[in-house]
2 protein chains.
Amino acid sequence: MESQQIKQAGLKVTAPRVKILKILENCGKRHLSAEDVYKELLSQQEEIGLATVYRVLTQFESAGLVCRRHFEGGQSVFELNHGDHHDHLVCIKCGKIVEFVDSTIENRQARIASEHNFRIEDHSLVVYGICSECQKKA
Amino acid sequence: MESQQIKQAGLKVTAPRVKILKILENCGKRHLSAEDVYKELLSQQEEIGLATVYRVLTQFESAGLVCRRHFEGGQSVFELNHGDHHDHLVCIKCGKIVEFVDSTIENRQARIASEHNFRIEDHSLVVYGICSECQKKA
DNA sequence: GAGCAAGATGCGAAAGATATTCAGTTTTCC
DNA sequence: GGAAAACTGAATATCTTTCGCATCTTGCTC
């Protein structure tokens, strides 16, 4: 149940939060912008302001429920945090996003960071390209 | 001479362009936001508008003279393009940026992209962490 | 070097994303 | 059931980036 996750995050269980979490879980797409979530709410006849969407997503982020990503293009996208880290392959034509994990890359990153005496907190690897369908179309 | 580079890029040689390019070359830091460049111009008593800074940087980007990066935090940073691709290690405390290149990572990326039938156009790898100095301070 | 067209510039205003304020409402906890 | 604390929507503010447009420059020609 969504309300459990929200409660465990130390947040009060309110209608907007539950609905937003539901959307993140059920809307099919893994990556949604604040705007996407807002539009989805509107299409469900929900009376939830954009400001609340941002607030809730930010709170979810602090609580570790979702991750925020800044891809190129100004807008942030949010995705549910399933605990596993992964990187992204983004199609610059159609916006399709593929997730991947590669331990070789993760290891090299750790190595490089330690060579520079950095303690890694996070990282973001995004590969931009053109997916097979868009290659055909072009 | 800066004016050569600008001319070769197919752009008219104008005072703002030369000055901005000089700043990128000489200001010491490799990564500047549009705001940074603008402030630097102001401190040099130059009458150059912020809009022009953005326009010029965007043109330089199209011309391949500089690269624009979107790190976390809303603002874009620009850096001179020396032809070589590289990735970034960013200190989330002090903002220090270290550049690195790792062919193992590059290769894995290419492999992953081809496994998904993507044609790579670009990529961005940013590792966020805490640098040695900031670790001491904390 | 004057003349001209194409292209640049500066400024203010606008756009887009996100954050904040505020007053009223809802949840939680006892 | 009620008070305190936390939450909400709307409007507003902010920040970065872009646009519109009148004016000025540059690069080329003669």
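Keep in mind that what you see is a predicted model, and the values were worked out from it rather than measured. Residue numbers start from 1 in every chain, and the chains themselves are labelled A, B, ... in the order their sequence lines are given, proteins ahead of strands.
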d(B/Asp102 CG, A/Arg111 CZ) to nearest 0.5 Å is 8.5 Å

Does a sphere of radius 6.0 Å around CZ in A/Arg30 hold more than 12 heavy atoms from other residues, nucleotides or ligands, not counting ones at 6.0 Å or beyond? yes

More 5' along DNA chain D: B/Thr14 or B/Glu35, using each one's nearest nucleotide? B/Glu35

Interatomic distance where NZ belongs to B/Lys19 and C1' belongs to C/dT9 [whole Å]: 12 Å

Using whole Å, report how far NZ of B/Lys12 lies from C1' of D/dC28. 10 Å

Classify A/Ser33 by what it touches in the nucleic acid, base, sugar-phosphate, or nothing, heavy-atom distance under 4.0 Å. nothing

A/Ile48 atom CD1 is separated from C/dT26 atom P, nearest whole Å, by 13 Å

Let me know the distance between OH of A/Tyr54 and P of D/dA11, rounded to the nearest Å. 17 Å

B/Pro16, nearest nucleotide to its side chain (from D/dT17, C/dG10, D/dT8): C/dG10

Whole angstroms only, please: what is the NZ-P distance between B/Lys7 and C/dG7? 17 Å

Rounded at 0.5 Å granularity, tell me how far CG in B/Leu125 sits from CG in A/Asp87. 8.0 Å

Taking for each residue the nucleotide of DNA chain D with the nearest heavy atom, is it A/Ala15 or B/Ala15 whose nucleotide lies nearer the 5' end? A/Ala15

When you measure only distances, ignoring hydrogens and angles, does the side chain of B/Arg55 come within 3.5 Å of the base of C/dG7 through a donor and an acceptor? no

What is the distance from CD of A/Glu46 to P of D/dT8, rounded to the nearest Å? 13 Å

Atom pair NE2/NE2 of B/His85 and B/His123 - distance to nearest 0.5 Å: 3.0 Å

Do B/Val90 and B/Tyr128 touch side chain to side chain, with heavy atoms closer than 4.5 Å? yes

Within less than 4.0 Å of OP1 or OP2 of D/dT26, is there a side-chain N or O belonging to B/Arg17? no

Within the 4.0 Å heavy-atom criterion, would you say B/Leu50 contacts the bases, only the backbone, or no part of the nucleic acid? base

Proximity to the side chain of B/Ala51 - top-ranked nucleotide from C/dT18, D/dA11, C/dG12: C/dG12

Which nucleotide in C/dC11, D/dT18, C/dT9 has an atom nearest any side-chain atom of B/Thr52: C/dT9

Side chain of B/Thr58 only, heavy atoms from C-beta on: which candidate in D/dT18, C/dT9, D/dT17 is closest? D/dT18

Nearest-Å distance, CZ (B/Arg68) to P (D/dT16)? 14 Å

CD of B/Gln75 versus C1' of D/dT16: gap in Å, rounded? 7 Å

